[in-house]
There are 2 protein chains.
Amino acid sequence: MEKIVKPIPHATEAEDMYSIPIDAFFKSAFSVDCVIFGYHQGDLKVLLIQRGAEPFENFWALPGDLVYPHEDLDTAAYRVLEDLTSIQDVRMMQVHSFGGVNRHPLGRVITVGYMALVELTDIHPLASHWAKQTKWHSLSKLPKLAFDHSEILHASYDRLKTLLLEEPIWTRVIPEKFTITEFQDVFETILGRTFDKGNFRKKIQNVKFLKKLTETQQNVRHRPSQLYSFDAKLFEKYSDRGFVFDF
Amino acid sequence: MEKIVKPIPHATEAEDMYSIPIDAFFKSAFSVDCVIFGYHQGDLKVLLIQRGAEPFENFWALPGDLVYPHEDLDTAAYRVLEDLTSIQDVRMMQVHSFGGVNRHPLGRVITVGYMALVELTDIHPLASHWAKQTKWHSLSKLPKLAFDHSEILHASYDRLKTLLLEEPIWTRVIPEKFTITEFQDVFETILGRTFDKGNFRKKIQNVKFLKKLTETQQNVRHRPSQLYSFDAKLFEKYSDRGFVFDF
DNA sequence: AAACATTTTGTAAAAATGACAATTACTCTA
DNA sequence: TAGAGTAATTGTCATTTTTACAAAATGTTT
């Protein structure tokens, strides 16, 4: 570990800084950690791996690893996710960075958290590289996690709930042609509350970018449901001034 | 600069990773950049410094600097802001991290953007350390900025607009006892639109955590305004289910 | 044909919205 | 001291939205 450089407490002593060689600053590393939320029929889970390498060997953890010296952050997030879980084709977004001084035993490592919401059955995680196994975990019964991954996970879940109302990330989780019930289930599951069916339906019908199709559900043991679809162009138009669902 | 380590494209070649010595990862640095928005009577500005050190000497830039090897990210943000501008006692929040490979000429540096909204006359920036001068700039006529600070600034402004509707950051910018007009001005200025006075007032009166006081404005050359105050406890109560102003 | 399981529509009172107009309460000035 | 000036505040009213329910509709299964 590198020699400890005492932080300068006040601006008036700031000239001390010039005595710290610039090299002393370039001894840190970055990592990315991926929080993949998997939704399937009213159930929300998160993808964890069991670590097959130190530190925290055998612990459950978010898929995450160090960023290469000449690798872009976003690129690293996708690369690491694929390395450890073989998952491709999920769109992630940055959530928050975590920089606690002692969060990593090997040295100073800042980690950048990334998040995605996917239909659980759409992807097929397969442990690879140093990951021993992958598993979908319910949010309600999580094991003790490596590093500060528990904090990263909870921050990501908070962000997911906000984002669900602002961005059409729910499109990742229901079919292109969907029923209002399917749509409602996603919101109830992720937000953790329930809505009146009739009233929810009325709200949906006022949303410009959700279009009622002529097609209906097939082969159901009850009255078939109308199908709806998402119009991305109309969404762009109406989200200009900051669209949010007000459920 | 360190030797280039070729990123591993596929998981199947991942064992290559073991050939990269761990030290190769610990050659990066972090920085923090602070976006301080200053509001005053219908005017929104951002605090910039003129750099007095390379790289980008003499360029206008966000107050920002490298994080010490044993310094917490949040701590660094406040320390750096004070070092360069002598500002204390502003509460900042993390916005986003920027990790472009070539964003810093001295090596691999990831920067974490922090943001705050303050009443412009409450704070008294004074250039210190390597900052040549500080200046409040209008968002509409910004100079060319150092590094990728322009991108950081715009991302922060977007976040400011969202946050203004979700969190009571406007309390930093108006007096403890305020008039509805003062309140409205903040929202009009930052969001960049105008609202009908009467209708805006009605909305405010329905917001549980904004309480009408018995006191009124004094010494104004017109009908004195009722004063209102913010009830933090009630806000906590009502923001549980994700409060947002729907202006 | 009746029972089921949902989807879908309907209802009615209450509340919120939006565009404007009118009124009110102070200070300042002639 | 009676306007004039200035901005705060209240009022109107037609329209739309919300809420909490109840009822009807449309398929399949028995």
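What you see is a predicted model, and the numbers here were worked out from it, not measured in a lab. In what follows, chains are A, B, ... by sequence order, proteins preceding strands, each numbered from 1. Reckoned from all heavy atoms, side chains included, excluding hydrogens, waters and symmetry mates.
Per the geometry, NZ belonging to A:K208 stands 11 Å off P belonging to D:dT16, to the nearest Å. If you take CD of A:Q218 and C1' of C:dT7, they are 15 Å apart, rounded to a whole angstrom. Separating the CG atom of B:D196 from the C1' atom of D:dA7 is a distance of 14 Å, rounded to the nearest angstrom. Spacing between atom NZ of B:K197 and atom C1' of C:dT17 amounts to 19 Å, rounded to whole angstrom units. Between A:E182 atom CD and C:dT7 atom C1' the separation is 13 Å, expressed in whole Å. In this structure, the CD atom of A:Q205 is 15 Å from the C1' atom of D:dT18, given to the nearest Å. When the C1' atom of C:dT17 is taken as reference, atom CG of A:N206 falls 14 Å away, rounded to whole Å. For the pair B:K212 NZ and D:dA8 C1', the interatomic distance rounds to 11 Å; values are reported in whole Å.
Counting only distance, with no hydrogens or angles, the side chain of B:S97 and the backbone of B:V112 share no donor-acceptor pair below 3.5 Å. Panel note: side chain B:Y78, backbone B:M92; a donor-acceptor pair is recorded below 3.5 Å.
Between B:T181 and D:dA7 there is no side-chain N or O to OP1 or OP2 distance below 4.0 Å.
Between B:F243 and B:F209, the gap from one ring centroid to the other is short of 6.0 Å.
Note on A:Q226: only backbone sugar-phosphate atoms sit closer than 4.0 angstrom, heavy atoms only; bases stay farther off. Residue-level contact check: B:K203 touches the backbone only, with heavy atoms under 4.0 Å from sugar-phosphate atoms and none from bases.
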Nucleotides 27-30 of chain D: which of its N/O atoms have a protein N/O under 3.5 Å away?
| unit_1 | atom_1 | unit_2 | atom_2 | d |
| --- | --- | --- | --- | --- |
| D:dG27 | N2 | A:R221 | O | 3.3 |

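With hydrogens and angles left out, the side chain of A:N199 and the base of D:dA20 share a donor-acceptor pair within 3.5 Å. On a pure distance criterion of 3.5 Å, no polar donor-acceptor pair joins the side chain of B:K202 and the base of D:dT10.
A:K132 is not listed as a side-chain neighbour of A:I49, based on a closest heavy-atom distance of 4.5 Å or more.
For the ring pair (Phe, Tyr, Trp, His ring centres under 6.0 Å) test with B:F187, the passing option among B:F195, B:Y39, B:F245 is B:F245; the others fail.
In this structure, B:F200 and B:F183 have tilted ring planes: the angle between them lies in the 30° to 60° band.
Comparing A:I180 and B:D246 by the nucleotide of DNA chain C that holds the closest heavy atom to each, the one mapping nearer the 5' end is A:I180.
Contact between A:E215 and A:Q226 at its shortest, heavy atoms only, is O-NE2, 3.6 Å.
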